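Read the numbers this way: they start at 1 and go in the same order the structure lists the ligands and their atoms. All of these numbers come straight from a predicted model, not from anything done at the bench.
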Amino acid sequence: MRTQVAIIGGGPSGLLLSQLLNRAGIATVVLERQSRDYVLSRIRAGVLEEGLAGLLREAGAGARMDRDGIVHHGCYLASNGKKFRVDFRAASGKSVMVYGQTELTKDLYAAQDAIGATVLHGAEDVALHDLTTDAPCVTWKDQNGQHRLECDFIAGCDGFHGVSRQAIPTQIRQNFEKVYPFGWLGVLSRTPPVSDELIYAAHDRGFALASMRNLMLSRSYIQVPLTDRVEDWSDDAFWQEFRARMPEDVATKLVTGPSVEKSIAPLRSFVSEPMRWGQLFLCGDAAHIVPPTGAKGLNLAASDVHYLFEGLSDHYLRRDDRGLERYSERALQRIWKAMRFSWWMTMLLHRFPEHDRYDRRMQNAELTLLQSSDAAQRVMAENYTGLPY
Ligand code: APR
Ligand code: PHB
């Protein structure tokens, strides 16, 4: 088999890149280890920056988002029961779109099917070869045996646990990592969201977040110790703790219900540099992980895809390789700004076991500054709604 761009991973990064390249007349093959159903079963955040929403429309996969997505012009922050609103539009002129990642992935798969793109599921033992030559290739096996794909370029869109990042020699790779001393216990419930916009609540008992997927599907989180297991938390215990951490006017309106999904996710900040090695380009979670506090994971995957799509289309359509040569540098510039923002929101809103009274006063002072300063709210709004590509 031969193609122009081999894409490892059929998550949001791989599918969006495949869709954009195929619509530009550039041939791709997506190799995904899991089944489509498995990929679509993942529950992931869904706060889309305007840049990502625009890319989905450009890819011909934005119609359902525009129909079913909910535009949010602000969010609430709360500290020990007192909440205030950050008005994104007033502070930055931009908004975000609330639309579940599962729905976005469904839309991308449907768009790929509509143009007859090649997405191969059940690809096991994917391996990358000859990356620093002009004839790289990918091998894998499936129920039909062993396979080999010749290509010009390989996009490593296979997430944090994928093989692409590992294909870059360790002496070349620099990893930057911070692991946070807590996790997020998340509950999906078929209940009306407690607020019309997201509420990020700092509390002495720990952080909580009131989010949503649509007007009858709420996504709620509480910070828990890393030692907690999901089976330690009954639905009632979760709702009691969530209610205790939310402002009173919110807690009294809360409609609880059975969890249709309940899980604990650890929080980490991670970046692997460089994002290119020979003809391999890393994209999305394969190169970086952010704590979910700033809702940047999916949105950073989108800006990587934007830069890589630009570089690859310049190569094939305009015989210009400057975009590919600058890909890693350009992507990392935006990634580190989002890393800072996600780290800042995480440090601001969570209870850290090692924090003393002085640290907590600093958190309170930062929240008070954010509440009272238009300049501080502008910086937050510009980062939350997405810095320019
Ligand atoms: N071979 C083939 N496919 C693989 C391999 C492999 N060795 N390893 C992983 N994959 C697949 C996974 O099954 C997954 O479907 O690569 C895909 C990677 O998708 P994501 O992990 O979703 O990463 P990405 O597409 O970059 O999207 C980032 O998804 O995880 C969230 O928070 C993250 O919102 C962010 C977004
Ligand atoms: C979510 O809806 O899952 C969500 C929203 C915003 C975040 C994190 C998660 O910052």
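In terms of protein heavy-atom proximity, atom 5 (C) of ligand 2 is nearest to Ser211 OG, 3.5 Å. Nearest non-hydrogen protein atom to atom 27 (O) of ligand 1 is Pro12 CD, 3.6 Å. Nearest protein heavy-atom neighbour of atom 9 (C) of ligand 1: Asp158 O, 3.1 Å. Distance from atom 17 (C) of ligand 1 to its nearest protein heavy atom, with residue and atom name: Glu32 OE1, 3.6 Å. Of the protein's non-hydrogen atoms, the one nearest atom 34 (O) of ligand 1 is Gln101 OE1, 2.7 Å. The protein non-hydrogen atom at the shortest distance from atom 24 (P) of ligand 1 is Ser13 OG, 3.3 Å. Among protein heavy atoms, atom 21 (O) of ligand 1 sits closest to Gly159 CA, 3.8 Å. Protein heavy atom nearest atom 32 (O) of ligand 1, with residue, atom name and distance: Asp285 OD2, 3.8 Å. Of all protein heavy atoms, the one lying nearest to atom 30 (O) of ligand 1 is Arg44 NH1, 2.8 Å.
Shown here for Pro353 and Pro181, the closest heavy-atom pair between the two residues is CD-CG, 3.7 Å.
Where the criterion is an N or O separation shorter than 3.5 Å, residue side chain and backbone included, Leu298 meets it with respect to ligand 1. Residue Arg213 places at least one N or O, backbone or side chain, under 3.5 Å from an N or O of ligand 2. When only interatomic distances are considered, the shortest N/O to N/O separation between Arg219 and ligand 2 does not fall below 3.5 Å. Between Arg42 and ligand 1, at least one pair of N/O atoms sits closer than 3.5 Å. Residue Phe160 has no N or O atom closer than 3.5 Å to an N or O atom of ligand 1. Considering backbone and side-chain atoms alike, His161 places every N or O at 3.5 Å or more from each N or O of ligand 1. Between Thr293 and ligand 2, a contact under 3.5 Å exists for at least one N or O pair.
Of all atoms in ligand 1, listed by their number and element, those nearer than 4.0 Å to a heavy atom of Gly297 are 34 (O), 35 (C). Short contacts between ligand 2 and Ala295, defined as distances under 4.0 Å to a heavy atom of the residue, involve ligand atoms 6 (C), 7 (C), 10 (O). Close approach of ligand 1 to Val163 is summarised as follows: ligand atoms under 4.0 Å from at least one heavy atom of the residue are 7 (N). Atoms of ligand 2 found under 4.0 Å from any heavy atom of Tyr200, numbered from 1 in the order shown, are 6 (C), 7 (C), 10 (O). Atoms of ligand 1 lying under 4.0 Å from at least one heavy atom of Gly162, given by number and element, are 8 (N). Taking every heavy atom of Gly284 and a limit of under 4.0 angstrom, the matching atoms of ligand 1 come to 26 (O). Numbered from 1 in the order shown, with element, the atoms of ligand 1 that lie under 4.0 Å from a heavy atom of Gln34 read 13 (O). Taking a cut-off of under 4.0 Å to the non-hydrogen atoms of Gly11, the atoms of ligand 1 that pass are 15 (O), 17 (C), 19 (O), 25 (O). In summary, the atoms of ligand 1 found under 4.0 Å from a heavy atom of Val126, numbered by their order in the structure, are 1 (N). Within the listing of ligand 2, atoms 6 (C), 7 (C), 8 (C), 9 (C) sit less than 4.0 angstrom from a heavy atom of Leu209.
Between Ala45, Pro292, Gly294, it is Pro292 that holds the heavy atom closest to atom 7 (C) of ligand 2.
Looking at Arg33 against ligand 1, both its backbone and its side chain come within 4.0 Å, counting heavy atoms. Of the heavy atoms in Leu31, only backbone atoms (N, CA, C, O) come closer than 4.0 Å to ligand 1. Heavy atoms of Cys157 found under 4.0 angstrom from ligand 1 belong exclusively to the backbone. Residue contacts with ligand 2 for Trp184 involve side-chain atoms from C-beta outward but no N, CA, C or O (heavy atoms, distance under 4.0 Å).
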